[in-house]
Amino acid sequence: MRFVDEFRDAELGRILASEIVATVEPGRHYKVMEVCGGHTHTIYKYGVDDLLPENVELVHGPGCPVCVIPMGRVDDGIAIAARDEVILTCFGDMMRIPGGSGCFLEAKAAGADIRMVYSPLDALRIARENPDREIVFYAVGFETTAPSTALTLKRAKGDGIANFTVFSNHVTIVPPLRALLESPDLRLDGFIGPGHVSTVVGARPFEFIPADYGKPIVVSGFEPLDLLQSVHMVLKQLAEGRCEVENQYRRVVPYDGNPAALSVLAEVFELRPHFEWRGLGFISHSGLKLSRDYADFDAEVRFDVPGVRVADPKACQCGEVLKGVIKPWECKVFGTACTPERPIGTCMVSSEGACAAYYNYGRFAREREVV
Amino acid sequence: MSSPRSLDGAEPECEPGHCVTCADEAIEMLVLATDGSGLASCVDPEGVPVEVMTELVGEVVPGDAVLVHAGAAIARAA
């Protein structure tokens, strides 16, 4: 892959780190939220946070679409999969997300036909190969993923595939960010914006963050130097008293996004009045359902689902983690009752989840610090 | 809850640190061939062949690099 070596260059990293040190005010504490779970992983995989001064704190945001799926929606998927005629398809990370009555993997072990796919197109292929079965794609993801679901639905409609439906859990990035910014227990100085969501929606939708809340945001790439540069750009804005949307990931992200992707999203989906996010509660206009033109392909229309809201487990503090109020290791059950092998909360299940990132990359380092 | 992994050890799972579902991760892939209907045969960085929908990035030709997420090219790689 091109640019990988350049964007992992240790010497350039040290230079950027020294520029960051020169930019911060001693005595001031900075909290910068990286919205995207992919950024969280880069930070811990490459030790980006170890290069930052002690007074620059990275806070992990809600940008993992699997982590925010509420338990009731998992139960809905299991109820659909329990039907004899149904093959439920989903991405791999959904398999272990706990619902109120188990996870997909347990339902599969109990006899449900649940299959992992790498793209919705794989699910459509399964539908073509199994005309006597009902194939349901359990869709999860932000605006990065939703276009793939939308393109697949257009193909299904165009080809008249009648045994294919989508159970949409697609969500949008701006409403939860606004909800976070409205949260009284959150103190943030700026944001690292999601890179690949922005290839679709552009950087422009984030203009409300500086305009309405007075915080800088820098849309960032995913390599370690991308993140170091983005942190530096946020801190530089703060040092210079500026507050705007900047695009560090210009090599991929157009400021106005991908018009073809936005067009297909508008055709296939419409906003739900509200959607529940695990740990964050109901957020207005934050979820996507299939539009009227695609109602025939909507699994929620074709199948009865329980649609029951299930409260999050009491011991789990995923909500506080998703809001960046606490660090994963500050959760009472982190690494003890809740591990990737036996997760209680979704943040520990998904590879993108902040708790899994800490568990896989940060826990032992932290133990060394304590010693 | 019992350990999910004990239920079906053969179930393919995401690699650590990489999530198929991911909100926000796209993989750069090389276009090998196109079929004229918006589908392209691509390879990922490990050389694994992948069928990719290319409607969102306009016409592609063999040799182009695209960023692919969940089976759709969402941008051209720089």
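Numbered from 1 within each chain, the chains take letters A, B, ... in sequence-line order.
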Gap between atom CG of Leu67(B) and atom CZ of Arg76(B) - 0.5 Å precision: 11.5 Å
Mind listing the closest non-hydrogen atom pair of Val252(A) and Pro254(A) along with its distance? O-CD, 3.2 Å
Carboxylate-amine/guanidinium contact Arg125(A) Glu51(B), below 4.0 Å: no
Name the region of Val171(A), side chain, backbone, both or neither, that has any atom closer than 4.5 Å to a heavy atom of chain B. neither
Are the side chain of Glu28(B) and the backbone of Pro45(B) linked by a donor-acceptor contact shorter than 3.5 Å? no
Engaged part of Thr152(A) at the chain B interface, taking heavy atoms whose separation is under 4.5 Å: both
Donor-acceptor pair, side chain of Thr54(B) and main chain of Gly38(B), under 3.5 angstrom: yes
Is chain A contacted by the side chain of Leu39(B), its backbone, both, or neither, given a heavy-atom distance below 4.5 Å? both
Can you tell which of Ala260(A), Pro259(A), Ser148(A) has the highest number of heavy-atom pairs within less than 4.5 Å of chain B? Ser148(A)
Could you look at Arg155(A) and say if it's the side chain, the backbone, both or neither that has a heavy atom under 4.5 Å from chain B? side chain
